[in-house]
Protein chains: 2
Amino acid sequence: MQYEWGPNIEQETETNTLAAQTYNKIRQDIISGSLEPGSKLQSEKLKKQYDVGSSPLREALTQLAANGLVTSEGQKGFRVVDVSLKELRDITKLRMHLEVHGFKESIAHGDVEWEVAVTSAYRRLVHAIEELSSGKSGSARSWEDIHRGFHLSLVQGCGSPWLISFCHRLYEHFERYRRIYVEYREISPKILEEHEALHQAAINRDADLAEKLLSEHILFAARLTEADARKKGIQDGGEIIAAAEQEMELIK
Amino acid sequence: MQYEWGPNIEQETETNTLAAQTYNKIRQDIISGSLEPGSKLQSEKLKKQYDVGSSPLREALTQLAANGLVTSEGQKGFRVVDVSLKELRDITKLRMHLEVHGFKESIAHGDVEWEVAVTSAYRRLVHAIEELSSGKSGSARSWEDIHRGFHLSLVQGCGSPWLISFCHRLYEHFERYRRIYVEYREISPKILEEHEALHQAAINRDADLAEKLLSEHILFAARLTEADARKKGIQDGGEIIAAAEQEMELIK
DNA sequence: ATCAAGTATAATTTGGATATTTTTATATTT
DNA sequence: AAATATAAAAATATCCAAATTATACTTGAT
């Protein structure tokens, strides 16, 4: 969150403290699902696994806890935060609300720098899709990073560092659900089309279209995730109706 | 953030770990302004001041950094996060956006428990005002806690733990600006009236009125804070127009 | 089966070791 | 002589490993 130099991408700088490196590694492992939801994070095991001492590890876990990827109870250590359909829906609704708001603000107030950033992110996305479909997977950044980069670029121009940081956090948690539950599919032409449309809406500054496209895009991803999560037997939060779908009605 | 037991007040449980206690103390001191914005947080001094060792202190600071009250740069330690009019406006806009949204959601979906909670929070507020104006200040909870309790109760029924947690964080940061800059005034009858109106709107489930009242309430507080901040020479973020005021136009 | 005491395990904290940054002093160049 | 560059010293952030304290488990008695 910085105001002097304008809105920025949340620091991904390779901070060299052990604690920061460990934070990134564990974060990756939680989002990718290799550290399972609800599982206990025992310090001794983690110290061996990530080859660090107590202090950096503890610092990493504390940070993760503050970001909501880990829970920390009293004197009982840390756990990977649990998952539920209820929370998936909550995250989805709020993502729709905030990202759409941020996107429209970007469209209203974003400067040329923002347009350039969106286009760059879009080009990287296209490039990554081409590489993936042609087999060679050797891109520097991962598909996940590039995809996140595009979505966050849309709100990057809104002028509100706070809103941007909230969108980051929500995206991160949403991504965890997707990576845990959605089984890999070929990247369909539909994906490319949707992102192209979003890019166009941004460049054309078409706020209404932007709202419609982004809402649908997020909701579609959420539906897919929820469907696959059900198959794999995620615990239901106890509700029947996907509240996010109601929200959609308002848009149509 | 918990889904099993429904929306809840962010844990204020007296966790007994030293780190948690230290976190609370430093947090208080930052919000109250006794630890000045931008000032360096030197570990040796803090260790003496709060009478703790390195690890709990570091843990507290790490947590504060993740919550945005503290910045931590590379190997250069921690600082109290700086203030600017630009950020005050950002927080204000987003608070208006999110708290109003949460309040309306509470009105739409909140159950009886929520109504009870709002009324309780309101009664505590009235009681506190009476005590303050009659001189005896011996209430258990501080005025700040009670006031925060009331405002957060309004969004408590919205059914979205994520939205609630965002409102918490924004309120916390907004409160810091207020406590640092707004010079103490008698609690005017206006304050009591405004909160009574908010309470009534909640109980009557009047969403439109709720939106109007809460927007105005937040904006009024922001104006007051900004005015006093200018007097005391806060650094301006470089903008001239209070963007939040535009938002108000939409409501009228 | 339930409870209590004792043991084992694991989280938290302490205090000090290591590595980095900042400051100060000295030397070199313009 | 002033300014810049280099090197030593001080300050301070980060990290580790041992000591402490709290929780979880086991065992034996009621």
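Bear in mind the structure is a predicted one, so any value in this text is a computation, not a measurement. Proteins come first, then strands; the chains are lettered A, B, ... in the order of their sequence lines, and each starts at number 1.
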[X]: partners by salt bridge (charged side-chain N to carboxylate O under 4.0 Å, His left out), with sequence neighbours left out:
X	answer
A:R179	A:E144, A:E175
B:K48	none
A:E44	A:K47
B:K76	B:E73

Any residue meeting ring-ring contact (aromatic ring centres under 6.0 Å, His included) with A:F166, in chain and number order, not counting sequence neighbours:
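Counting only residues at least two positions away or on another chain, A:F166 forms a ring-ring contact (aromatic ring centres under 6.0 Å, His included) with A:W162, B:F166.
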Just jot down the ring-ring contact (aromatic ring centres under 6.0 Å, His included) partners of B:Y122, sequence neighbours excluded, or say none.
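By the ring-ring contact (aromatic ring centres under 6.0 Å, His included) rule, B:Y122 matches B:H199.
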Distance check needed: [N] [atom2] versus [X] [atom1], whole Å only.
X	N	atom1	atom2	value
A:K76	C:dA11	NZ	C1'	12 Å
A:L18	C:dT18	CG	P	16 Å
B:L57	C:dT13	CG	P	12 Å
B:E73	C:dT20	CD	P	16 Å
B:R79	C:dT22	CZ	C1'	13 Å
B:R58	C:dG16	CZ	P	19 Å
B:Y23	C:dT12	OH	C1'	19 Å
A:F78	C:dA10	CZ	C1'	13 Å

Degree of bending in the helix from C:dA1-D:dT30 to C:dT30-D:dA1 once both end axes are built from five pairs, to 10°
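Between the axes fitted at each end of the helix from C:dA1-D:dT30 to C:dT30-D:dA1 lies an angle of 20°.
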Segment of DNA chain D, first to last nucleotide, that comes within the 4.0 Å heavy-atom reach of chain A:
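On DNA chain D, the outermost contacted nucleotides are D:dC15 to D:dA24.
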Quick one: which residue pairs count as a salt bridge (Lys or Arg N to Asp or Glu O under 4.0 Å) with a foot in residues 58-71 of chain B, not counting sequence neighbours?
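Counting only pairs at least two positions apart or across chains, the salt bridge (Lys or Arg N to Asp or Glu O under 4.0 Å) contacts touching residues 58-71 of chain B are A:R58-B:E59, A:E59-B:R58.
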Can you list every pair that meets salt bridge (Lys or Arg N to Asp or Glu O under 4.0 Å) and has a residue in residues 150-164 of chain B, with sequence neighbours left out?
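Qualifying pairs, neighbours excluded: none.
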So, using side-chain contact (heavy atoms from CB on, under 4.5 Å) as the criterion, who are the partners of A:D111 when residues are at least two apart?
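With neighbours one apart ignored, the set is A:E113, A:W114.
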When the aromatic ring centroids of A:H147 and A:H151 are compared, is their separation below 6.0 Å?
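Yes, they do, as the ring centres are separated by less than 6.0 Å.
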Would you jot down, in residue-number order, the residues of residues 42-56 of chain B having a non-hydrogen atom under 4.0 Å from DNA chain D?
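Here the set is B:Q42, B:S43, B:S54.
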If the threshold is 4.0 Å, N to carboxylate O, is there a salt bridge linking B:E105 and A:K93?
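Yes, B:E105 and A:K93 are salt-bridged.
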